[in-house]
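Take a look at the structure below.
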Amino acid sequence: MAQFLFPYFCAAVFGLVFGSFLNVCISRLPQHESIITPRSHCPRCHQPIAWYDNIPVLSYLILRGKCRHCHEKISIIYPLVELLTAALWVTTLAEYELSPEFIKYILLGMLLVVLIFTDLRGRIIPHSVTLFGIGAGLLLSFLVPVDNRPVDWVLGFTGIYPTGVADSLLGTVAGALAGGGLFYAVGEAFYYASGRAKEYLGFGDVMLMLMAGTFLGAPLTLMTILLGSLGGTLVAVPATLLSPRLRNYEWPYGTFLGVAAIFSVLGGPALLDWYLRWSGVA
């Protein structure tokens, strides 16, 4: 039993450590600050944080959620990000084991964690994260095949059957177009219809889905859009009806899309296969 659990224990530890780094990214990238220097410090008193006060989750509990120097409250988001990242590492390892797929999807998951919380906290989706993710997704498509079934079905009518890297690259491009291209088209449609596109869809959401599409391919990208929209509706509509103060609240759509994309990584393939069998397509 101990031998079986050891890899998951290691994954949880790595997740906590990377989660601490993701907190730095979440705090600094929206402000266009370096994530390397200066060292971690309290945003109120600017005192550097000692290593023993920077242990993931544990230091937060020992300090009771307050800065050691000025006693300013530390946001609960910090340990939450660390715990969620640890859970992401463990569940991704359970799904893909130690494989190229694990490396690909744990990278996507951590990028999404950053975007989920930057959008939640400040309605910002940093281009530095999405552009890096798009490049990484394209490169990783050479190592891990991307689901390209929709394009394969279309090309099958012409007698063209791409294989290997070419098929994976087509899947990456199709996913990017399905995500970013669809969102951009929707934004343009709202703009021409009402002149108020920015109120409905931010360009950061377009970039987020463009990034997700390069990793996921078209089928799982469309699933992400569907689940993200459904999740946002199920949360926003009841909350708005129950609390009139939320009628003008700017809901973080990117947060819902990010959560949906993580679900698509972990449970999307099984759900997609079930739907295709149920519908008789596959």
Side-chain angles (χ1 to χ4, degrees), residues 11-91 106-130 132-133 202 204-205 207-208 228 231-232 235-236 239-240 242-243 245-246 248-263:
V13 171
F14 274 104
L16 289 172
V17 172
F18 273 95
S20 181
F21 173 69
L22 297 187
N23 274 321
V24 175
C25 298
I26 292 166
S27 298
R28 297 188 183 186
L29 289 179
Q31 310 302 323
H32 304 288
E33 297 175 353
S34 170
I35 58 175
I36 307 300
T37 58
R39 58 182 290 187
S40 297
H41 58 275
C42 173
R44 179 182 179 185
C45 67
H46 303 290
Q47 285 289 327
I49 299 175
W51 68 268
Y52 48 80
D53 287 339
N54 210 20
I55 302 172
V57 182
L58 183 61
S59 292
Y60 182 88
L61 296 175
I62 292 174
L63 294 172
R64 297 182 180 181
K66 295 181 181 179
C67 172
R68 180 181 295 274
H69 304 284
C70 67
H71 305 294
E72 176 75 0
K73 286 186 177 181
I74 301 171
S75 173
I76 190 65
I77 285 179
Y78 287 94
L80 180 61
V81 167
E82 292 162 353
L83 289 171
L84 287 175
T85 308
L88 179 65
W89 272 70
V90 171
T91 52
I106 199 62
L107 175 59
L108 173 61
M110 290 193 294
L111 293 174
L112 289 169
V113 168
V114 173
L115 299 179
I116 285 169
F117 283 94
T118 57
D119 194 41
L120 182 65
R121 295 180 67 178
R123 305 301 182 270
I124 296 173
I125 297 178
H127 292 333
S128 56
V129 177
T130 53
F132 171 81
D205 298 325
M207 293 296 291
L208 188 157
V235 172
T240 303
L242 292 173
S243 177
R245 293 180 300 176
L246 295 175
N248 296 318
Y249 180 70
E250 184 182 352
W251 292 95
Y253 192 23
T255 296
F256 293 106
L257 290 172
V259 172
I262 290 176
F263 173 82

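Using a 4.5 Å heavy-atom cutoff, the side chains of Ser27 and Arg121 are in contact. Put simply, the side chain of Pro56 does not reach to within 4.5 Å of the side chain of Leu83, judged on heavy atoms. A heavy-atom distance below 4.5 Å is not found between the side chains of Leu22 and Phe117. Between Tyr60 and Ile76, some side-chain heavy-atom pair lies under the 4.5 Å cut-off. The closest side-chain heavy-atom distance from Leu120 to Pro252 is below 4.5 Å. In this structure the side chain of Thr240 reaches within 4.5 angstrom of the side chain of Trp251, judged on heavy atoms.
In this structure, Thr85 contributes its side chain and Leu16 its backbone to no donor-acceptor pair below 3.5 Å. A donor-acceptor pair under 3.5 Å is absent between the side-chain atoms of Arg68 and the main chain of Asp53, judged by distance alone. Ser20 places no side-chain N or O within donor-acceptor distance of the main-chain N or O of Val17, the cut-off being under 3.5 Å. Distance alone, capped at 3.5 Å, is enough to place a donor-acceptor pair between the Asp119 side chain and the Thr255 backbone.
Contact record, Val114 with Cys25: CG2-CB, 4.2 Å, taken as the closest heavy-atom pair. Of all the heavy atoms in Ile77 and Asn23, the pair that sits closest is O-OD1, 4.0 Å. The minimum heavy-atom distance linking Met110 with Leu88 is given by the pair N-CD2, 3.8 Å. Pro79 and Ser75 make their closest contact through CD-O, 3.6 Å (heavy atoms, listed as atom of the first residue, atom of the second, distance). Counting all heavy atoms, side chain and backbone alike, Leu111 lies closest to Gly133 at CD1-CA, 3.7 Å. Pro48 and Arg39 make their closest contact through CB-NE, 3.8 Å (heavy atoms, listed as atom of the first residue, atom of the second, distance).
Atoms CD1 and CG, on Ile116 and Leu84 in that order, are 8.5 Å from each other to the nearest 0.5 Å. Atom CG of residue Leu112 and atom CG of residue Leu107 lie 9.5 Å apart, to the nearest 0.5 angstrom. With rounding to the nearest 0.5 angstrom, the CD1 atom of Ile262 is 8.5 Å from the OG1 atom of Thr91. A distance of 12.0 Å separates CZ of Arg64 from NE2 of His71, quoted to the nearest 0.5 Å. Between the CD1 atom in Ile125 and the CG atom in Leu208 there is a gap of 5.0 Å [rounded to 0.5 Å]. Between the CD1 atom in Ile49 and the CD atom in Gln47 there is a gap of 10.5 Å [rounded to 0.5 Å].
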Practice problem: Just do the side-chain contact (heavy atoms from CB on, under 4.5 Å) check on Ile35 and Phe21 with the steps written out, would you? | Solution: CA-CA 9 Å; Ile35 58 175; Phe21 173 69; 3.6 Å; yes
Practice problem: Please lay out, stage by stage, how Thr118 and Val129 fare under the test side-chain contact (heavy atoms from CB on, under 4.5 Å). | Solution: CA-CA 11 Å; Thr118 57; Val129 177; over 6 Å; no
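Residue-environment remark: CZ (Phe18) stays at or below the threshold of 12 foreign heavy atoms within 6.0 Å. No more than 12 heavy-atom neighbours from other residues, nucleotides or ligands sit within 6.0 angstrom of CZ on Phe132.
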